[in-house]
Amino acid sequence: MHHQKIKIMGVSFDKVTLDQAYEKVLEFLGEDKTHIVVTPNSEIVMAAQDDKELLGILNEADMVVADGIGVVLASRFYGKPLPERVAGFDLMTKILEKAPEKGHTIFLLGGKPGIVLKAAEKMKNKYPGLKIAGFHHGYFDALEEKNILKEINSAEPDFLFVAMGAPKQEKWIYSNKDIINARVCMGVGGSLDVYAGITKRAPAVFRKLGLEWFYRLIKEPRRIRRMMALPRFAVRVLFFKE
Ligand code: UDP
């Protein structure tokens, strides 16, 4: 099924709900090529204003979902509303939840050495029958990278989740897309830290109110510099109508 696209500051988002995004991912599994899913928030949309390489990567992706309330609010302000926020973490969770019954396999790449192992174990506990085809931490050099790519390709996973922070993970996926043998690749930021239990997602009430960013700021004040992109994003939305 073809979904409508909505452009926010040069980034074309797919007008999809979480469920529709998952349906689209299932379609990708049926096509014999490596697909890329990106989940930009307003920080990344702002970064893409100055980084044309990143902008190109986002717009070439097979699916672009809005992982941030800022992007959803901007879409409403422009009068072309996105149906809801589709957090990368939630899409990944949906994929993991359904994977055992559907027989989908997963490869995890990213996070600190002990963390990715812990995340894999917790996922297998939470979703019995889940097939983790392989995993590797996200701190590697060029030589190790070759071996990691070999590991991924011999596992031929349905899903490759890359958790190295945005936009590093998106750039890594893009630059290797022609040699990666995985049906769907998606950057998932700090999600493995959440699965491993070393960071927490905001409580549901924060998420419902669109205040997950605020919760993260309180928990990790070092994010303040990165988060200054949010007010800059808001000002740009208000004054630079598209
Ligand atoms: N990370 C990594 N390799 C790197 C840099 C970071 O695997 O070279 C991991 C890091 O351990 C953490 C994640 O990437 O698990 C970044 O999380 P963060 O919350 O900063 O990402 P965001 O969700 O904000 O993009």
Side-chain angles (χ1 to χ4, degrees), residues 11 25 28-29 31-41 43-45 47-48 50-65 67 87-89 91-93 95-96 99 104-124 130-199 222-223 226:
V11 179
V25 155
F28 291 162
L29 291 181
E31 298 165 9
D32 191 15
K33 67 164 248 199
T34 301
H35 300 77
I36 300 179
V37 176
V38 293
T39 69
N41 57 14
E43 244 173 75
I44 293 300
V45 172
D50 305 320
D51 181 345
K52 296 299 164 203
E53 181 203 350
L54 177 59
L55 185 65
I57 291 173
L58 297 178
N59 283 332
E60 266 192 53
D62 298 277
M63 179 161 63
V64 183
V65 299
D67 184 351
F89 185 87
L91 183 54
M92 178 189 193
T93 299
I95 290 167
L96 295 176
H104 297 155
T105 57
I106 312 289
F107 197 107
L108 305 173
L109 174 62
K112 298 216 171 85
I115 299 300
V116 60
L117 168 67
K118 206 165 178 184
E121 281 170 354
K122 295 238 170 138
M123 283 173 187
K124 281 196 273 189
L130 180 68
K131 285 191 211 128
I132 309 264
F135 59 84
H136 198 284
H137 62 75
Y139 298 83
F140 47 81
D141 58 23
L143 193 71
E144 277 176 282
E145 185 177 273
K146 280 200 173 146
N147 288 326
I148 295 169
L149 286 164
K150 271 190 209 150
E151 271 178 51
I152 295 169
N153 289 345
S154 65
E156 291 183 23
D158 293 308
F159 295 98
L160 170 63
F161 293 118
V162 183
M164 303 197 295
K168 187 174 184 177
Q169 59 202 14
E170 284 74 21
K171 291 187 174 181
W172 189 87
I173 291 172
Y174 186 81
S175 66
N176 291 297
K177 70 178 173 14
D178 296 332
I179 48 172
I180 293 177
N181 196 356
R183 282 289 158 85
V184 180
C185 304
M186 179 166 118
V188 293
S191 297
L192 296 183
D193 295 339
V194 177
Y195 269 99
I198 62 163
T199 56
R222 65 181 169 80
R223 286 183 171 270
R226 288 173 50 178

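Any value given below was found using the heavy atoms of this structure, including those in side chains, with hydrogens, waters and symmetry copies removed.
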In short, Asn153 meets Asn181 closest at the heavy-atom pair OD1-N, 2.6 Å

Output for pair (Leu149 CG, Ile179 CD1), nearest 0.5 Å, gives 5.0 Å

Any heavy-atom pair between the side chains of Asp51 and Leu55 that's under 4.5 Å? no

- Task: Could you tell me whether the side chain of Val37 reaches within less than 4.5 Å of the side chain of Leu91, counting heavy atoms only?
- Result: yes

Interatomic distance, CD1@Ile44 vs CG@Leu58, rounded to 0.5 Å, equals 7.5 Å

Evaluate side-chain contact (heavy atoms from CB on, under 4.5 Å) for Leu130 paired with Leu96, printing each intermediate quantity in order. CA-CA 7 Å; Leu130 180 68; Leu96 295 176; 4.2 Å; yes

His35 meets the ring-ring contact (aromatic ring centres under 6.0 Å, His included) criterion, sequence neighbours left out, with Phe28

Problem set entry | Contact check, side chains of Phe161 and Ile95, non-hydrogen atoms, under 4.5 Å | yes

- Query: Is there a side-chain contact between Met186 and Phe159 (heavy atoms, below 4.5 Å)?
  - Reply: no

Residues passing the side chain to side chain contact (heavy atoms under 4.5 Å, CB included) test with Thr199, sequence neighbours excluded, are Asp193, Val194

The side chain to side chain donor-acceptor pair (under 3.5 Å) partners of Asp67 (sequence neighbours excluded) come to Arg85

Nearest heavy-atom contact between Thr39 and Gly88 is CG2-CA, 3.8 Å

The salt bridge (Lys or Arg N to Asp or Glu O under 4.0 Å) partners of Asp50 (sequence neighbours excluded) come to none

Hits for side chain to side chain contact (heavy atoms under 4.5 Å, CB included) against Ala182, two or more places apart or cross-chain, chain-then-number order -> Pro157, Leu160, Ile180, Cys185

So the side-chain hydrogen bond (donor to acceptor under 3.5 Å, both in side chains) pairs with at least one residue in residues 183-192 (sequence neighbours excluded) are Asp32-Arg183

Checking Thr34, Ile57, Val38, Ile36 against Ile173 for side-chain contact (heavy atoms from CB on, under 4.5 Å), the one that qualifies is Ile36

Residues at least two apart in sequence or cross-chain that pass ring-ring contact (aromatic ring centres under 6.0 Å, His included) with Tyr195, listed by chain then number, are Phe89

So the salt bridge (Lys or Arg N to Asp or Glu O under 4.0 Å) pairs with at least one residue in residues 160-170 (sequence neighbours excluded) are none

For residues 52-64, the salt bridge (Lys or Arg N to Asp or Glu O under 4.0 Å) pairs (sequence neighbours left out) are Lys33-Asp62, Glu53-Lys171

Under 3.5 Å donor-acceptor pairs involving side-chain atoms of residues 108-124, not counting sequence neighbours:
residue	atom	partner	partner atom	Å
Lys122	NZ	Ala196	O	3.4

Using atom types as modelled, flag every donor-acceptor pair under 3.5 Å from a side chain in residues 131-140 to any protein atom, sequence neighbours excluded.
residue	atom	partner	partner atom	Å
His137	ND1	Tyr139	N	3.1
His137	ND1	Tyr139	O	3.3

For residues 138-166, the salt bridge (Lys or Arg N to Asp or Glu O under 4.0 Å) pairs (sequence neighbours left out) are none

